[in-house]
Asks: 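Below you will find the structure I want to go over with you.
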Amino acid sequence: MRGILAAVAPPLAAAIAGSFGSRRAPQVYHRLAKPRWAPPSGAFGPVWTALYGLIGFAGWRMWQGRTPPRVWGLHAAQLTLNAVWPFVFFSARDKRASLAVIAALDAVLIGQIGDLARRDAVAAAALGPYLGWTLFATALTASVSDPDRVAPG
């Protein structure tokens, strides 16, 4: 039971925290100048649901594998950055800061996957789609502009 809790609680907490920062996401996303390859707003919920499930699965594998504290620290750090990004992008609407947060998320996630790959290839692979999505989100964040914002960024 503790393993399931250790696997499910962290991504669930990140999802709940991030949802508070995403309250204005539909309105903000609609107004952004986006590239053609930007997904429709309706795609984000299903994608994130699947990704959080994979993160939970990776956490369960980490629990079973007696993963060292360093990797758990990376896991907590990437989930924290994941939860912070919506506040910075959708609430504060600060493109530069949101790029810094998501770049840090990418880096921490790459570190976690690298460490996990040496210990549990299945757990590392489970985080692969999440990394792919965050890299895509980084490119999307860099390419959008907010016509409602006067400040550069």
Side-chain angles (χ1 to χ4, degrees), residues 1-30 32 34 37-144:
M1 185 62 167
R2 287 192 304 177
I4 292 172
L5 186 60
V8 173
L12 183 60
I16 291 169
S19 72
F20 288 108
S22 298
R23 285 188 309 247
R24 294 180 46 217
Q27 297 84 8
V28 172
Y29 191 75
H30 175 74
L32 293 175
K34 299 177 284 297
W37 46 269
S41 61
F44 291 96
V47 167
W48 276 110
T49 299
L51 293 175
Y52 282 127
L54 288 169
I55 296 166
F57 174 74
W60 178 74
R61 296 280 305 194
M62 288 168 54
W63 177 266
Q64 290 197 327
R66 306 289 190 254
T67 302
R70 179 184 187 284
V71 181
W72 280 106
L74 292 170
H75 192 65
Q78 57 91 351
L79 285 169
T80 299
L81 290 163
N82 176 311
V84 167
W85 184 87
F87 286 97
V88 179
F89 188 82
F90 291 115
S91 294
R93 294 171 68 183
D94 186 329
K95 182 176 175 177
R96 286 183 187 155
S98 64
L99 277 169
V101 170
I102 202 164
L105 169 58
D106 294 338
V108 172
L109 188 52
I110 288 167
Q112 181 185 6
I113 290 171
D115 276 358
L116 277 175
R118 292 186 289 276
R119 293 168 172 79
D120 184 344
V122 173
L127 294 176
Y130 175 35
L131 176 60
W133 185 259
T134 64
L135 292 170
F136 174 77
T138 303
L140 184 59
T141 300
S143 66
V144 301

Asks: Any ring pair (Phe, Tyr, Trp, His ring centres under 6.0 Å) involving residues 89-112? Give me the pairs, sequence neighbours left out, ordered by first then second residue.
Replies: Trp85-Phe89, Trp85-Phe90
Asks: How close do His75 and Gly59 get, counting heavy atoms only, and between which atoms?
Replies: NE2-CA, 4.4 Å
Asks: Determine whether Trp37 and Leu140 make a side-chain contact, defined as any pair of heavy atoms from C-beta on separated by less than 4.5 Å.
Replies: yes
Asks: By side chain to side chain donor-acceptor pair (under 3.5 Å), which residues pair with Ser22, not counting sequence neighbours?
Replies: none
Asks: How far apart are the closest heavy atoms of Gly114 and Arg118, and which atoms are they?
Replies: O-NH1, 3.2 Å
Asks: Once rounded to the nearest 0.5 Å, what's the spacing between atom CZ of Phe87 and atom CZ of Arg24?
Replies: 12.5 Å
Asks: Which pairs pass salt bridge (charged side-chain N to carboxylate O under 4.0 Å, His left out) with one or both residues in residues 55-68, sequence neighbours excluded?
Replies: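 As it turns out, the salt bridge (charged side-chain N to carboxylate O under 4.0 Å, His left out) pairs with a partner in residues 55-68, which skip direct neighbours, are Arg61-Asp120.
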Asks: Run the side-chain contact (heavy atoms from CB on, under 4.5 Å) test against Ala13 and tell me which residues pass, sequence neighbours left out.
Replies: none
Asks: Do other residues, nucleotides or ligands put more than 12 heavy atoms under 6.0 Å from the CZ atom of Phe20?
Replies: no
Asks: To the nearest 0.5 Å, how far apart are CG in Leu99 and CG in Asp94?
Replies: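 So the CG of Leu99 and the CG of Asp94 are separated by 9.0 Å.
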Asks: Could you list the donor-acceptor pairs under 3.5 angstrom formed by side chains in residues 43-57, with sequence neighbours left out?
Replies:
unit_1 : atom_1 : unit_2 : atom_2 : d
Thr49  : OG1    : Gly45  : O      : 2.8
Tyr52  : OH     : Asn82  : OD1    : 2.8

Asks: Under the rule for side-chain contact (heavy atoms from CB on, under 4.5 Å), what residues qualify as partners of Arg70, not counting sequence neighbours?
Replies: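 So Arg70 forms a side-chain contact (heavy atoms from CB on, under 4.5 Å) with Leu74, Asp115.
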Asks: Closest approach of Thr67 and Val71, non-hydrogen atoms and distance?
Replies: CG2-CB, 3.3 Å
Asks: What's the separation between atom CD1 in Ile102 and atom OG1 in Thr138, rounded to the nearest 0.5 Å?
Replies: 3.5 Å
Asks: Please give me the minimum heavy-atom distance between Ile113 and Gly128, naming the atom from each residue.
Replies: CD1-N, 4.3 Å
Asks: What's the shortest heavy-atom distance between Pro129 and Ala125, and which atoms?
Replies: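 Shortest heavy-atom contact: CD-O, 3.4 Å.
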Asks: Which atom pair, heavy atoms only, marks the closest approach of Ala17 to Ala83?
Replies: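 Ala17 and Ala83 have their closest heavy atoms at CB-CB, 3.9 Å.
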Asks: Compute the ring centroids of Tyr130 and Trp133, then answer whether they are less than 6.0 Å apart.
Replies: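 Aromatic pair excluded; centres sit 6.0 Å or further apart.
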Asks: Using modelled atom types and a 3.5 Å cut-off, is there a donor and acceptor pairing between side-chain atoms of Ser91 and backbone atoms of Gly21?
Replies: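 Here the side-chain-to-backbone pair exists.
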